[in-house]
Amino acid sequence: MISLPTGVGKTVNAVAVAIEAARQGQRLTVVVKGRHEVAEFKEELEAAWAGLDEAASSLAAPDGLRLVPEPYAPRRLRARTAPVAEYRALCRRAVEWEESGRDQERREVAGDRRVRNPAACRAVVIRSGGGCENPECLLPDLPYRTKAGEPLLEVDHIDEHAGGGRDHPAAMIALCPNCHSNKTHGAEQALLTERLRKVAAERHAAWAASVA
């Protein structure tokens, strides 16, 4: 598969690659990166193909190419990559914020929080064996440590503690910072929460029933 960028001369280069592929008996799929429609690229390719000498053009026909539009996700990702202008504008705003003295402003935060049970937290850390308890964790062998040398894990309540979630190991789970953030802010927060609810309950039941 070849990726076809826009620009003068680049389509002709892609055709040359197609001819070489034809010599080797291969078919070629071209992924169009530009904003042009596939039909427009096909016309440009056919025009470039027609300009080749007969010996070359007889090796393969334009229909030997399969043009497909680039998937939406890569296009969207590329559009969001390195937005330099926006970055610089935000940096200017950060400097203006500092120069105005607003970076020294203080805001009072009032409220109260439920007291957490340290025994329950410690039990979950022991149960984790020093690893993230999310079975789908991309970094199960956690290499990071706290200043005290403990595994860098965050004990989380399956249901938000401040909202009344149970403060018991059966309803708590040890997560690496990435998985904890994904559970709290990720797009699949609800699905992940329910998966982890089952994991926490099963792991607790296994440990509670095991013989020391």
Side-chain angles (χ1 to χ4, degrees), residues 71-84 86-98 100-212:
Y72 174 71
R75 278 188 281 127
R76 184 182 181 189
L77 178 62
R78 196 170 56 254
R80 295 172 57 187
T81 301
V84 177
E86 182 180 6
Y87 176 80
R88 291 175 177 172
L90 292 172
C91 286
R92 287 194 296 270
R93 289 174 58 183
V95 171
E96 292 169 359
W97 183 278
E98 289 179 330
S100 69
R102 295 192 63 187
D103 61 319
Q104 300 299 321
E105 289 182 0
R106 304 278 183 193
R107 180 178 300 167
E108 292 186 5
V109 179
D112 54 29
R113 307 178 74 181
R114 287 178 63 196
V115 178
R116 297 187 62 170
N117 183 351
C121 290
R122 183 59 186 166
V124 175
V125 171
I126 292 173
R127 185 186 71 197
S128 73
C132 180
E133 290 190 296
N134 178 11
E136 299 177 0
C137 179
L138 300 178
L139 199 64
D141 298 324
L142 195 66
Y144 308 116
R145 293 290 182 271
T146 65
K147 293 179 180 179
E150 296 286 332
L152 188 57
L153 291 168
E154 299 172 356
V155 177
D156 186 46
H157 294 81
I158 301 299
D159 297 306
E160 188 178 355
H161 187 241
R166 189 183 181 199
D167 201 20
H168 185 278
M172 299 163 69
I173 195 160
L175 300 173
C176 70
N178 282 346
C179 288
H180 188 190
S181 181
N182 192 28
K183 175 183 176 294
T184 305
H185 305 293
E188 296 185 351
Q189 176 186 11
L191 292 175
L192 180 57
T193 295
E194 292 310 310
R195 287 198 295 266
L196 295 179
R197 185 189 307 281
K198 182 179 179 181
V199 171
E202 290 176 348
R203 290 180 66 83
H204 168 70
W207 275 69
S210 63
V211 178

Practice problem: With sequence neighbours left out, write down each residue that passes side-chain hydrogen bond (donor to acceptor under 3.5 Å, both in side chains) with R197, or none if nothing qualifies. | Solution: D159, E194
Exercise. Report the residues that fulfil side-chain hydrogen bond (donor to acceptor under 3.5 Å, both in side chains) with D167, sequence neighbours left out, ordered by chain and then residue number.
Key: H157
Exercise. Grab the two heavy atoms, one from A119 and one from N117, that are nearest each other, plus how far apart they are.
Key: N-OD1, 3.0 Å
Quiz item: What are the two closest non-hydrogen atoms of I126 and W207, and how far apart are they?
Solution: O-CH2, 3.7 Å
Self-check item: Full working for side chain to side chain contact (heavy atoms under 4.5 Å, CB included) between R116 and V155
Solution: CA-CA 11 Å; R116 297 187 62 170; V155 177; 3.9 Å; yes
Practice problem: Output, in order, the C-alpha distance, side-chain angles, deciding distance and verdict of side chain to side chain contact (heavy atoms under 4.5 Å, CB included) for V199 and N134. | Solution: CA-CA 8 Å; V199 171; N134 178 11; over 6 Å; no
Practice problem: Check the surroundings of atom CG in L191: do more than 12 heavy atoms from other residues, nucleotides or ligands lie under 6.0 Å from it? | Solution: yes
Practice problem: Decide if atom CD of E105 counts as having more than 12 heavy atoms of other residues, nucleotides or ligands within a radius under 6.0 Å. | Solution: yes
Give, for atom [atom1] of [X] and atom [atom2] of [Y], the distance between the pair rounded to the nearest 0.5 Å.
| X | Y | atom1 | atom2 | answer |
| --- | --- | --- | --- | --- |
| R166 | H161 | CZ | NE2 | 12.0 Å |
| L153 | C121 | CG | SG | 12.0 Å |
| N182 | E188 | CG | CD | 7.5 Å |
| K183 | Q189 | NZ | CD | 7.0 Å |

Quiz item: Are the side chain of R203 and the backbone N or O of R127 linked by a donor-acceptor pair below 3.5 Å?
Solution: yes
Quiz item: Can you find a heavy atom in the side chain of E133 that is under 4.5 Å from one in the side chain of V124?
Solution: yes
Contacts table for residues 168-180: side-chain donor-acceptor under 3.5 angstrom, sequence neighbours left out:
from	atom 1	to	atom 2	distance (Å)
H168	ND1	A170	N	3.0
H180	ND1	E154	OE1	2.4
H180	NE2	D156	OD1	3.2

